[in-house]
Student: 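Can you read through this structure? Questions will come right after.
Throughout, numbering of the chain's residues begins at 1 and tracks the sequence. FYI, side chains are in, hydrogens and waters are out, and symmetry mates aren't considered; it's all heavy atoms of this structure. Atoms within a ligand are numbered from 1 in the order they appear, just like the ligands themselves.
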Amino acid sequence: MIRQTDLTVNFAGIKLKNPVLTASGTFGYGHEVSDLISLSKLGGIITKTITLHPNNGNAQPRLYETDYGILNSIGLQNIGLESFIQNHLQKLYKIGVPIIVSIAGQATNEYIKIAKILSEHSIISAIELNLSCPNLQKNIICSDLSMLQSIVYNVKNVLNIPVIAKLSPLNADITKPAFIAQEAGADALTIANTYPAMAIDIDTYKPKLSTIKGGLSGPCIKPITLRCVYDVYKKSNIKIPIIGCGGISNGSDVIEFILAGATAVSIGSVSLNSPSNLITIIDETYNILKRKNISSITDLIGQIKS
Ligand SMILES: Cc1cc2nc3c(=O)[nH]c(=O)nc-3n(C[C@H](O)[C@H](O)[C@H](O)COP(=O)(O)O)c2cc1C
């Protein structure tokens with residue numbers, strides 16, 4: 001019997017028409033490519049990380065394509081919260097898919113301040129807390145689990161929409177920050193961000209990035225992040241849903257992340273080449289399910305046989 005193929009997922013109470021989201025920072029503010037692709041086909045949009053004040057980010061060069069993946073040290077360059085709200089929020093809302101705003105602060109108070117301001121805008125579906133940027137001078141949040149706990153707890157207190165904690169993959173046991181985030185009130189997790197890495201020019205002997213080290217992303221990180229998602233999902237005391245994020249480049253990768261325990265995925269580097277790759281990936285995911293005669297993608301969540 002041929003069955004209907006359904007890509008819909010319920011993610012922390014948000015209905016996504018498919019599990020494919022844009023990864024923060026790789027899709028601008030989220031609407032700029034509306035002439036190039038049909039943004040309403042996406043499962044949802046996660047914006048570039050927004051900070052309280054405008055931020056120029058790190059000095060150039062801050063992006064370098066290695067033979068294996070992309071190195072970036074953008075350093076959270078963005079126009080700041082006020083300008084984001086004035087110039088981008090309505091445009092995002094008009095796309096008609098769930099909008100998840102990624103935020104970061106220098107300290108807990110700054111996260112709370114941003115969250116309070118955003119709480120006045122009912123068109124936002126969820127907040128993603130960037131607790132994991134490897135490209136900042138003061139990158140304490142990756143390693144300071146009490147700070148992570150405090151940010152999640154306090155932000156959750158001022159919002160009545162889901163809070164997603166985006167974790168660094170760097171903790172030797174990623175289930176620890178995942179559990180702390182859950183207990184502090186996070187409604188979901190994004191696993192994970194980029195991996196510290198570097199490249200050197202062998203003619204000038206200079207690093208390829210102004211900051212020497214940056215974050216590595218793209219297909220080369222997929223197996224490592226997939227393992228992180230699996231570890232967190234299989235830890236039975238972590239119940240909140242997961243966005244798998246790392247190196248996804250086709251429909252088969254999406255299915256792997258779902259089998260490992262993700263409910264949704266966010267995709268970055270491959271959309272830098274062409275934003276239309278996201279739509280191709282959604283179509284590929286659909287075709288895999290159809291070929292396998294699987295009626296709903298939710299039937300595959302965490303179904304790895306081990
Ligand atoms: C150019 C670039 C900018 C990024 N900026 C952000 C950002 O602002 N906030 C964030 O949480 N992650 C940021 N990331 C990380 C991505 O959201 C994603 O976690 C990472 O690239 C892994 O996914 P991918 O392999 O599909 O790219 C950035 C990545 C790249 C390549």
Student: Start with the C-alpha distance between I238 and Y233, add both sets of side-chain angles, then the distance that settles side chain to side chain contact (heavy atoms under 4.5 Å, CB included), and finish with yes or no.
Tutor: CA-CA 7 Å; I238 295 174; Y233 184 79; over 6 Å; no

Student: Test of understanding: with side-chain contact (heavy atoms from CB on, under 4.5 Å), list the residues that count as partners of L7, not counting sequence neighbours.
Tutor: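 side-chain contact (heavy atoms from CB on, under 4.5 Å) check on L7 returns N18, P19, I282, T285, Y286, L289, I297.
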
Student: When you compare the side chain of L170 with that of P196, does any pair of heavy atoms fall below 4.5 Å?
Tutor: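 Yes. Closest side-chain heavy atoms under 4.5 Å.
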
Student: If we ignore hydrogens and angles and just use 3.5 Å, is the side chain of T26 paired with the main-chain N or O of T22 as donor and acceptor?
Tutor: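 Between the backbone of T22 and the side chain of T26 there is no qualifying donor-acceptor contact (under 3.5 Å).
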
Student: Test salt bridge (Lys or Arg N to Asp or Glu O under 4.0 Å) on D231 and R227 and set out the steps.
Tutor: CA-CA 6 Å; D231 282 350; R227 189 267 303 159; 3.1 Å; yes

Student: Are there any N/O pairs under 3.5 Å between ligand 1 and the protein, and if so, what are their distances?
Tutor:
{"unit_1": "ligand 1", "atom_1": "8 (O)", "unit_2": "T49", "atom_2": "N", "d": "3.4"}
{"unit_1": "ligand 1", "atom_1": "8 (O)", "unit_2": "T49", "atom_2": "OG1", "d": "3.3"}
{"unit_1": "ligand 1", "atom_1": "9 (N)", "unit_2": "S24", "atom_2": "OG", "d": "3.0"}
{"unit_1": "ligand 1", "atom_1": "9 (N)", "unit_2": "T49", "atom_2": "OG1", "d": "2.6"}
{"unit_1": "ligand 1", "atom_1": "9 (N)", "unit_2": "N130", "atom_2": "ND2", "d": "3.3"}
{"unit_1": "ligand 1", "atom_1": "11 (O)", "unit_2": "N130", "atom_2": "ND2", "d": "3.1"}
{"unit_1": "ligand 1", "atom_1": "11 (O)", "unit_2": "K166", "atom_2": "NZ", "d": "3.1"}
{"unit_1": "ligand 1", "atom_1": "12 (N)", "unit_2": "S24", "atom_2": "O", "d": "3.4"}
{"unit_1": "ligand 1", "atom_1": "12 (N)", "unit_2": "K166", "atom_2": "NZ", "d": "3.1"}
{"unit_1": "ligand 1", "atom_1": "14 (N)", "unit_2": "S24", "atom_2": "O", "d": "3.2"}
{"unit_1": "ligand 1", "atom_1": "17 (O)", "unit_2": "S24", "atom_2": "N", "d": "3.4"}
{"unit_1": "ligand 1", "atom_1": "17 (O)", "unit_2": "S24", "atom_2": "O", "d": "2.7"}
{"unit_1": "ligand 1", "atom_1": "17 (O)", "unit_2": "K166", "atom_2": "NZ", "d": "2.8"}
{"unit_1": "ligand 1", "atom_1": "19 (O)", "unit_2": "K166", "atom_2": "NZ", "d": "2.9"}
{"unit_1": "ligand 1", "atom_1": "19 (O)", "unit_2": "A192", "atom_2": "O", "d": "3.4"}
{"unit_1": "ligand 1", "atom_1": "25 (O)", "unit_2": "G218", "atom_2": "N", "d": "2.9"}
{"unit_1": "ligand 1", "atom_1": "25 (O)", "unit_2": "G247", "atom_2": "N", "d": "2.7"}
{"unit_1": "ligand 1", "atom_1": "26 (O)", "unit_2": "G268", "atom_2": "N", "d": "2.9"}
{"unit_1": "ligand 1", "atom_1": "27 (O)", "unit_2": "S269", "atom_2": "N", "d": "2.7"}
{"unit_1": "ligand 1", "atom_1": "27 (O)", "unit_2": "S269", "atom_2": "OG", "d": "2.7"}

Student: Taking atom types as modelled, find out whether E128 and S24 have a side-chain donor-acceptor pair closer than 3.5 angstrom.
Tutor: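 No, S24 and E128 have no side-chain donor paired with an acceptor closer than 3.5 Å.
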
